[in-house]
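One structure follows; several queries about it will come next.
The chain is numbered in sequence order, starting from 1. What's counted below: heavy atoms across the whole structure, side chains too, no hydrogens, waters or symmetry copies.
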Amino acid sequence: MAHQDNHAAHAVGFKDYLTGFILSVILTVIPFMLVMHPDVLGLSRGATLITVVLFGLAQVLVHLVYFLHMKTDAEGRWNVVSMIFTVLIIAFVVGLSVWIMWSMHYHMMIN
């Protein structure tokens with residue numbers, strides 16, 4: 001009985017990974033084609049940039065759901081909270097580092 005349960009869980013996991021892989025490929029190929037062949041849709045550079053960024057955000061969500069298994073159950077919520085905390089800390093570290101470097105550059109160029 002345990003062998004059948006393990007096999008069923010493995011099959012569901014494989015389907016999730018396959019779905020995530022297919023979505024990831026689609027979300028990669030479309031922006032790539034938009035950038036390589038901009039005349040097909042006739043989008044401006046700004047519209048192309050926004051489209052590529054939106055596809056990138058969609059791909060991040062696909063990776064979080066299908067590969068990192070961030071779901072809405074109780075354990076998944078704690079994973080999401082820890083992910084948000086990690087992103088905030090990284091944003092603070094990178095943002096403040098850029099601010100410090102800009103400030104140092106500005107103050108050193110005055111003299």
| task | Work out which heavy atom in Tyr66 is nearest to a heavy atom in Leu23; give both atom names and the distance. | result | CE1-CD1, 3.7 Å

| Sequence neighbours excluded, which residues qualify as side-chain hydrogen bond (donor to acceptor under 3.5 Å, both in side chains) partners of Ser24? |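 Applying side-chain hydrogen bond (donor to acceptor under 3.5 Å, both in side chains) to Ser24 gives His63.
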
| Roughly how far apart are Met83 CE and Leu64 CG, rounded to 0.5 Å? |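 Between atom CE of Met83 and atom CG of Leu64 there are 5.0 Å.
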
| task | Give the minimum heavy-atom separation between Thr28 and Pro31, together with the two atoms involved. | result |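 Scanning both residues, the minimum pair turns out to be O-CD, 3.4 Å.
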
| request: Could you state whether Val62 and Leu57 fall into the same hydrophobic cluster, counting links through intermediate Ile, Leu, Val, Met, Phe, Trp or Tyr residues with side-chain heavy atoms under 4.5 angstrom apart? | output: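 No, it is not one cluster - the side chains of Val62 and Leu57 are not joined through contacts under 4.5 Å.
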
Tabulate below the donor-acceptor pairs under 3.5 Å that side-chain atoms of residues 33-55 make, not counting sequence neighbours, or state none.
{"unit_1": "Ser44", "atom_1": "OG", "unit_2": "Ala47", "atom_2": "N", "d": "3.3"}
{"unit_1": "Thr48", "atom_1": "OG1", "unit_2": "Ser44", "atom_2": "O", "d": "2.9"}
{"unit_1": "Thr51", "atom_1": "OG1", "unit_2": "Ala47", "atom_2": "O", "d": "2.7"}

| said: Starting from Val65, can I reach Ile22 by hopping between I/L/V/M/F/W/Y residues whose side chains sit under 4.5 Å apart? | reply: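 Same cluster: Ile22 reaches Val65 through Ile, Leu, Val, Met, Phe, Trp or Tyr contacts under 4.5 Å.
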
| request: With rounding to the nearest 0.5 Å, note down the distance linking CD1 in Ile100 to NE2 in His105. | output: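 Ile100 CD1 to His105 NE2: 15.5 Å, rounded to 0.5 Å.
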
| remark: Residues at least two apart in sequence or cross-chain that pass ring pair (Phe, Tyr, Trp, His ring centres under 6.0 Å) with Trp102, listed by chain then number, are Tyr106

| task | Check the hydrophobic clustering (I, L, V, M, F, W, Y; side-chain heavy atoms under 4.5 Å; chains of links allowed) and say if Ile84 and Val60 are grouped together. | result |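 In one cluster: yes.
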
| task | Please check if the side chain of Ser97 supplies one atom and the backbone of Val93 the other of a donor-acceptor pair under 3.5 Å. | result |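 It does hold such a pair.
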
| query | Honestly curious: do Met108 and Met101 fall in one hydrophobic cluster under the side-chain, below-4.5 Å linking rule? | reply |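 Each belongs to a different hydrophobic cluster.
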
| query | Taking all non-hydrogen atoms of both residues, which atom of Phe67 and which atom of Phe21 are closest, and how far apart? | reply | CZ-N, 3.6 Å

